[in-house]
Protein chains: 2
Amino acid sequence: MTPDPAPLDADQLNAYFALMEVGSLLQHAVEQQLRTEGDLSWVQFQVLARLTDAPDGRHRMTDLADGVVYSRSGLTYQAGLLEKNGLVTRESDPDDERAVVVAITDAGRALIARLLPGHVDVVRRLLFQPLRHRDLDTLSQVLGRVRDHIRATPPRSAKPRRSRGPAT
Amino acid sequence: MTPDPAPLDADQLNAYFALMEVGSLLQHAVEQQLRTEGDLSWVQFQVLARLTDAPDGRHRMTDLADGVVYSRSGLTYQAGLLEKNGLVTRESDPDDERAVVVAITDAGRALIARLLPGHVDVVRRLLFQPLRHRDLDTLSQVLGRVRDHIRATPPRSAKPRRSRGPAT
DNA sequence: TATTGTTATACTCTATAACTATA
DNA sequence: TATAGTTATAGAGTATAACAATA
């Protein structure tokens, strides 16, 4: 049975489109900064940032692919680029010979360190400048909750229900 | 030398990453729905949605390219696909022979009408289900403000862009 | 000359499926 | 059998620059 026909009111549509638009504009802006100043894509930056955050600068491929949005082959491609540029290394995990551990190199850390100020500057200028402190709080909490919800709700390989509306 | 050494604090980083992640996950989800149920990309959906909103279902190419984030050639590409599938038409503007007016067709409207329930369902399930009404309000307001701010902020490598006249 | 839109082209990125190897 | 990752491949999408037509 098709879901009820009026699920989103004007406010909801507003919020939805604003969210998508802000995300798109912001990503565009930071991507340009990353590309210009460090020849890095947004995805590559995310991977390096995640590795930087890790205690020992290491992650398994699967963990990275899980964290970043992409498929495994996509991550292999990006990791290959990063490795070619000397920003990460790949070694097989001694504990599980199937797995591959990606580690950020000193050059990788240096690049991130070099890019971060400009990056942060763009984000602050576009995203935080028009926000009051209280807005920021709410935004952080609300979006965090949404993120957790999305992450928890659809295991991304789940079969989307095909029975949507009458067949054909 | 970098302009401002003050980094983003934890809350800000949180909000920033959450925003990007939610945007990414949400776009992924709706794109899958649109592709599966209507063979439509997110950009194409946006174009059709904008045309649907217009009083007479028409927009000039430049206005669409301005609203959507992409380059003109990108819009030409997408508009070409939409036209090939009979979802829009393109005619030159009688008032300005340089301009091209894109109009949504009945088939285009029908497709949007068919896709909208499922689309809205995805958005509601992923984005609004974990939100209280007050959160939604804040989200809508705050993100709306951010969007306007970004739209108004000239990209530092600003290329001459068509400025919006006050009255159409 | 400036603006609108298209075309040609080259490139990046992503997804799918087949494949290898380990567990 | 199931899982981790790679490879091959194919396709979508995007940006840039050159271009034609109109203002």
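Lettering of chains follows the sequences in order, A, B, ..., and the numbering in each one begins at 1.
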With respect to the phosphate group of [N], does any side-chain polar atom (N or O) of [X] fall under 4.0 Å of OP1 or OP2?
| X | N | answer |
| --- | --- | --- |
| R72(B) | dT6(C) | no |
| R35(A) | dT12(C) | no |
| H28(B) | dA15(C) | yes |
| R98(A) | dA2(D) | no |
| S73(B) | dA8(C) | no |
| Q78(A) | dT14(C) | yes |

I want to verify a distance call: between [options], whose nearest atom is closest to the [X] side chain?
| X | options | answer |
| --- | --- | --- |
| M61(B) | dT6(C), dT14(C), dT6(D) | dT6(C) |
| R60(A) | dT14(D), dT14(C), dA4(D) | dA4(D) |
| E97(A) | dA15(C), dT14(D), dA23(C) | dA23(C) |

Interatomic distance where [atom1] belongs to [X] and [atom2] belongs to [N] [whole Å]:
| X | N | atom1 | atom2 | result |
| --- | --- | --- | --- | --- |
| Q44(A) | dC13(C) | CD | C1' | 10 Å |
| D39(B) | dG11(D) | CG | C1' | 13 Å |
| E91(A) | dT6(D) | CD | P | 13 Å |
| E31(B) | dG11(D) | CD | P | 19 Å |
| Q32(B) | dA12(D) | CD | C1' | 16 Å |
| Y70(B) | dT4(C) | OH | P | 21 Å |
| D66(A) | dT3(D) | CG | P | 13 Å |
| L75(A) | dT12(C) | CG | C1' | 16 Å |

Comparing nearest nucleotides in DNA chain C, the 5'-proximal residue of the pair A99(B), D95(A) is A99(B)
Paired with V101(B), the side-chain contact (heavy atoms from CB on, under 4.5 Å) test is passed by just one of D93(B), D63(B), D56(B), namely D93(B)
So D96(B), base contact, sugar-phosphate only, or nothing? Heavy-atom distance under 4.0 Å. sugar-phosphate
Set out, in order, the CA-CA distance, both residues' side-chain angles and the distance that settles side-chain contact (heavy atoms from CB on, under 4.5 Å) for L87(B) and L40(B), then state yes or no. CA-CA 11 Å; L87(B) 304 172; L40(B) 219 57; 4.0 Å; yes
*Look at the side chain of H28(B) and the backbone N and O of G23(B), then say whether any donor-acceptor pair between them is shorter than 3.5 Å.*
no
Charged N-O contact under 4.0 Å between R151(A) and E21(B)
yes
Check: Among side-chain atoms of H119(B) and Y16(A), is any donor-acceptor pair under 3.5 angstrom?
Finding: yes
